[in-house]
Amino acid sequence: MSVLVIAEISKGKIKKASLEATNYAFQIASQLSKTVTALILGETSGVNLDDLGKAGASKILTANDKKLESGDAKIICKVISDVMAQESSEVIVFSHDFNSKNIAPYLAAKVNAGIVPAAVDFPSIENGVFLVKKNVFSGKANATYQIESAIKILCLLPNSFPVELDKNKECVIEQYTAQLDGLESKIKIRETKKSSDSINLPEAELVVSAGRGLKGPENWGIIEELATELGAATACSRPVSDIGWRPHHEHVGQTGIAIRPNLYIAIGISGAIQHLAGVNGSKTIVVINKDPEAPFFKAADYGIIGDAFEIVPKITAALKNFKSSQH
Amino acid sequence: MKILVCISKAPDTTTKILFKDNDSVFNEDGVTFIINPYDEWYALVRALELKETLGGTVTVLHVGLASSDTEIRKALAIGADDAVRIDAEPNDASFVAKEIAEFAKDKSFDLILVGKETISFNGATVGGQIAGSLDLPFISLATKLDIESNNAIVEHDIDGGIEVLECEMPLVISCSKGMAEARIPNMRGIMAARTKPLLVLPSFGSQRLTNTIKYSLNPGRTTCKFIDAENAQQLIELLHNEAKVI
């Protein structure tokens with residue numbers, strides 16, 4: 001009997017969000033006196049999988065098959081449900097990200113599981129009552145759900161917990177042969193366009209974001225310098241991605257992506273309610289804006305009123321000094 | 001082409017979120033509801049655009065109580081041909097998806113479109129569950145949709161980028177920003193909506209798999225600590241020593 005976690009690889013490494021999900025699965029398995037099995041779909045050669053073991057998986061299954069490449073939920077869910085049967089898994093954990101939004105609900109329908117997406121806390125399991133808290137109303141509130149089905153699917157919101165790795169934990173790695181005879185995907189990939197950003201925005205712990213206050217795309221240099229110095233991902237507000245100053249995938253907010261980094265620095269963004277909906281889960285928010293009436297200050301932990309073109313380079317310089325003093 | 005667009009309703013973005021009955025139920029008193037923007041602006045409008053170029057019909061489907069009829073009439077005013085309401089409380093995503101699948105299974109829709117998530121519960125699971133229940137292909141988080149002969153050409157968001165997919169119809173697609181621009185119903189549409197068919201069906205009696213026990217509001221931030229622009233460098237000390245995030 002094991003709790004099954006679906007882990008992913010990105011840019012040659014296990015995704016941080018997958019390690020968080022494995023930690024989460026380990027905590028659930030401990031409550032249920034079970035172990036954790038991690039399943040990785042796709043190519044794993046050359047990737048160090050040990051961290052999944054350190055995060056709590058006692059078994060790692062790798063399933064690689066050409067038919068999985070199209071990302072078709074039907075094919076992927078066939079493999080997951082076969083593994084669930086093999087491992088007698090009744091609790092399945094995903095990270096709540098792009099891929100799980102494609103796969104987890106489809107799986108829920110196939111195995112008749114209650115699903116709680118965007119879970120933000122460990123479940124409470126007492127006398128067979130299984131309760132999980134999730135984010136609702138764009139982060140303004142939480143709701144506690146009781147899952148009433150035997151099989152349960154939980155999708156953990158990234159950055160809900162810091163990753164904990166225990167170097168004394170060990171695991172076995174096994175190849176799993178997917179049984180996909182007779183199944184063909186109707187979905188074909190015509191083209192893939194991946195951004196070259198080194199830091200994946202939904203997983204980023206530090207984010208520097210800017211809006212219309214920057215006046216034009218040519219002024220993004222100061223934003224990128226601060227982000228590089230900080231090791232942060234860059235993001236932007238909706239108007240900026242709508243007019244094409246920044247790529248669509250950088251847009252955070254209600255209609256873009258929702259993020260919850262440890263630090264969100266908003267520069268030249270007024271803080272419309274739709275923008276706040278995408279970032280209000282951030283642990284610390286810094287707002288830099290020349291308008292003292294900008295609504296974003298009401299949602300901020302730290303505020304600086306003034307001209308971004310003067311303030312941001314000062315912060316970048318201070319950060320450089322700080323980093324050299326740390327060495 | 002026969003298109004089904006599933007719509008849900010959500011409290012307007014500016015709504016003050018409050019709960020009642022010992023924090024077990026969202027308090028709808030005085031709340032203005034809208035059609036969930038992802039369902040309206042992207043799924044419904046793109047469906048109408050496809051119908052206008054390729055011909056066919058657009059049916060809107062809503063799982064909910066009679067209080068939703070205003071939102072359903074708005075969808076008809078924007079241009080849907082007919083509407084169906086399954087008369088049941090939409091309080092569990094698995095339930096809603098199964099009700100939709102039960103309705104759709106013998107209607108041979110070419111496309112079933114849903115918004116990527118509601119702005120109230122942010123679940124993003126109904127589309128995938130409909131597809132799973134009907135054993136149809138599913139494409140999530142679509143930002144562009146075109147039809148070439150009997151295939152849907154879909155651009156959708158993936159981890160750190162976008163992917164262009166091709167899939168033979170029928171299929172289920174969850175729609176995100178970029179699919180279409182919002183439309184405002186005109187007077188003719190509003191008048192026509194009054195007489196368009198709105199069929200009310202009883203629930204198929206699908207199973208509910210989750211139950212909301214309790215809500216709690218997230219505490220907002222208390223006060224913003226202001227740093228003088230002249231001393232912007234102080235931010236770094238505060239982020240390191242006080243907030244401990246760097």
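This one's a predicted model, so the numbers in the text were calculated from it and none came from an experiment. Reminder, nothing fancy here: chain letters follow the sequence lines and each chain counts from 1.
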* Side-chain donor-acceptor pair present, A:His248, B:Lys177, cut-off under 3.5 Å ->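 On atom types as modelled, these side chains do not qualify, holding no pair under 3.5 Å.
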
Hey, which of [options] has the most heavy atom pairs under 4.5 Å with chain A?
options                                : value
B:Ile17, B:Asp92, B:Thr14              : B:Ile17
B:Pro219, B:Gly160, B:Gly161, B:Ser94  : B:Gly160
B:Leu238, B:Leu235, B:Ile158, B:Leu217 : B:Ile158
B:Asp23, B:Asn211, B:Val245            : B:Asn211
B:Pro137, B:Gly178, B:Ala101, B:Gly123 : B:Gly123

Measuring heavy-atom distances to chain A, does [X] have an atom under 4.5 Å in its side chain, in its backbone, in both, or in neither?
X        : result
B:Thr13  : both
B:Thr15  : backbone
B:Thr223 : backbone
B:Lys244 : neither
B:Leu165 : both
B:Ile153 : side chain
B:Ala131 : both
B:Asn151 : neither
B:Ile162 : both
B:Glu155 : side chain
B:Ala243 : both
B:Leu209 : both
B:Gln234 : neither
B:Leu136 : backbone

Residue part contacting chain B, namely of [X], when any heavy atom lies under 4.5 Å:
X        : value
A:Asp307 : neither
A:Ala113 : backbone
A:Glu8   : side chain
A:Glu250 : neither
A:Lys101 : both
A:Tyr302 : both
A:Ser325 : neither

Only pairs of heavy atoms separated by less than 4.5 Å count here; which of [options] has the most with chain B?
options                                : answer
A:Ile265, A:Leu230, A:Asp242, A:Val132 : A:Asp242
A:Ala299, A:Cys155, A:Ser10, A:Gly256  : A:Ala299
A:Lys133, A:Glu310, A:Lys134           : A:Lys134
A:Thr144, A:Leu131, A:Asn135           : A:Thr144
A:Ile285, A:Val116, A:Leu107, A:Leu201 : A:Ile285
A:Gly303, A:Gly114, A:Pro117, A:Ala109 : A:Gly303

Please check this pair: side chain of [X] against backbone of [Y], looking for a donor-acceptor N/O pair closer than 3.5 Å.
X        : Y        : result
B:Asn36  : B:Glu117 : yes
B:Asp110 : B:Lys2   : yes
A:His275 : A:Val252 : yes
B:Lys98  : B:Val96  : no
B:Glu99  : B:Ser206 : yes
B:Asp39  : B:Gly115 : yes

Check this for me: [X], atom [atom1], are more than 12 non-hydrogen atoms of other residues, nucleotides or ligands nearer than 6.0 Å?
X        : atom1 : result
B:Lys107 : NZ    : yes
A:Lys140 : NZ    : yes
A:Gln326 : CD    : yes
B:Lys105 : NZ    : no
A:Lys290 : NZ    : no
B:Asp228 : CG    : yes
A:Lys323 : NZ    : yes

* To do: Sequence neighbours left out, what passes ring pair (Phe, Tyr, Trp, His ring centres under 6.0 Å) with B:Phe103? Give chain and number order.
  => none

* Structure fact -> salt bridge (Lys or Arg N to Asp or Glu O under 4.0 Å) filter on A:Lys314, not counting sequence neighbours, yields none

* To do: Answer yes or no: is there a side-chain heavy-atom contact under 4.5 Å between A:Lys320 and A:Glu229?
  => yes

* Asked: How about A:Phe98 and B:His156: are their ring centroids closer than 6.0 Å?
  -> no

